Amino acid sequence: MKSPRRRSREFALQALYQWQLAQPSFAEIEQQYQLAEGFDKSDAALFKSIVVGAIQNALSLESALVPNLDRGWAEVSPVERAILLIAGFELIHTPETPYRVIINEAIELAKSYGGTDGHKYVNGVLDKLAAIVRAAEVAAPPASSKSVSRRQ
């Protein structure tokens with residue numbers, strides 16, 4: 001069973017994919033997804049935070065991500081770009097969510113929706129970004145499994 005936060009990220013992926021292709025406003029996106037099957041089981045506040053944050057910060061997120069790519073931003077598939085925008089936004093703007101959770105969620109999205117090896121690419125890019133934007137957290141020894149936050 002998927003958590004409400006996982007569902008929110010899945011809906012955010014779809015919304016950001018759509019945004020890249022058609023540039024709808026957030027109001028149009030929100031109206032569409034509120035009617036989508038299963039959206040009522042998602043964390044609507046997280047969905048809004050990610051989608052609005054990724055759209056509003058798209059240029060700065062792209063600037064943060066591009067140095068970690070092995071190709072141009074436009075050459076990355078729209079699905080992987082949307083996943084990178086989601087995870088990039090969360091890594092930079094939601095320090096309360098552990099970076100490992102953010103990267104794991106991005107990998108799972110890429111496995112489900114991306115290309116054959118998209119999850120490996122997403123993992124590599126996000127590992128590099130996390131080392132920059134969450135350097136202290138990345139350098140810290142892993143917490144024991146008993147004290148690790150279950151927040152996803």
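One-based numbering along the sequence shown. A quick note: this is a predicted structure, and the numbers were derived from the prediction, not measured.
- Aromatic ring centres of Y113 and Y17: separated by at least 6.0 Å.
- Using a distance-only test at 3.5 Å, with no hydrogens or angles considered, no donor-acceptor pair links the side chain of S42 to the main chain of R7.
- Annotation: side chain of Y121 is in contact with side chain of D70 (closest heavy-atom distance under 4.5 Å).
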(request) Apply side chain to side chain contact (heavy atoms under 4.5 Å, CB included) to W73 and L84, showing your working. (result) CA-CA 10 Å; W73 183 246; L84 291 171; 4.2 Å; yes

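- Of the inter-residue distances, the one linking I92 atom CD1 with L129 atom CG reads 5.0 Å to the nearest 0.5 angstrom.
- No more than 12 heavy atoms of other residues, nucleotides or ligands sit less than 6.0 Å from atom CD of Q31.
- The number of heavy-atom neighbours closer than 6.0 Å to CG of L35, taken from other residues, nucleotides and ligands shown, is above 12.
- Heavy-atom minimum distance, L126 versus A87: CD1-CB, 3.4 Å.
- Considering only heavy atoms from C-beta on, F39 comes within 4.5 Å of F47 through its side chain.
- Using cut-offs of 30° and 60° for the angle between ring planes, the Y33 and F11 rings count as perpendicular.
- N57 places a side-chain N or O within donor-acceptor distance of the main-chain N or O of G53, the cut-off being under 3.5 Å.
- In this structure the side chain of T94 reaches within 4.5 angstrom of the side chain of I102, judged on heavy atoms.
- In the hydrophobic cluster analysis, where Ile, Leu, Val, Met, Phe, Trp and Tyr join through side-chain heavy atoms closer than 4.5 angstrom, V133 is grouped apart from L59.
- Scanning both residues, V122 and A106, for their nearest heavy atoms gives CG1-CB, 3.9 Å.
- Atoms CG and NZ, on N123 and K111 in that order, are 9.0 Å from each other to the nearest 0.5 Å.
- Under a 3.5 Å cut-off, the side chain of S49 and the backbone N or O of A45 do not form any donor-acceptor pair.
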(request) Assess whether side chain to side chain contact (heavy atoms under 4.5 Å, CB included) is satisfied between K48 and I29, documenting all intermediate values. (result) CA-CA 10 Å; K48 183 175 184 175; I29 291 171; over 6 Å; no

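- A donor-acceptor pair is defined here as one N or O able to donate and one able to accept, closer than 3.5 Å; no such pair exists between the side chain of E105 and the backbone of R9.
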(request) Decide side chain to side chain contact (heavy atoms under 4.5 Å, CB included) for I50 and L85; before the verdict, give the C-alpha distance in whole Å, the side-chain angles of both, and the deciding distance to 0.1 Å. (result) CA-CA 9 Å; I50 290 171; L85 286 171; over 6 Å; no

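- Side-chain contact between N68 and I132 is present, with heavy atoms from C-beta onward closer than 4.5 Å.
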(request) Decide side chain to side chain contact (heavy atoms under 4.5 Å, CB included) for K41 and K2; before the verdict, give the C-alpha distance in whole Å, the side-chain angles of both, and the deciding distance to 0.1 Å. (result) CA-CA 9 Å; K41 296 177 183 170; K2 294 179 185 174; over 6 Å; no

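- Rounded to the nearest 0.5 angstrom, S25 OG and I55 CD1 are separated by 8.5 Å.
- Here the side chains of E62 and R81 are not in contact, with every heavy-atom distance at 4.5 Å or above.
- Here the CZ atom belonging to R134 is positioned 9.5 Å from the OH atom belonging to Y99, to the nearest 0.5 angstrom.
- P67 approaches S63 most closely through the heavy-atom pair CD-O, 3.0 Å.
- Note that CD1 of I103 is 11.0 Å distant from CD of E90, once rounded to the nearest 0.5 Å.
- Going from atom CZ of R100 over to atom CD1 of I107 covers 11.5 Å, rounded to the nearest 0.5 Å.
- Listed for the D117 side chain is no donor-acceptor partner under 3.5 Å among the backbone atoms of K120.
- Shown here for A82 and L16, the closest heavy-atom pair between the two residues is CB-CB, 3.9 Å.
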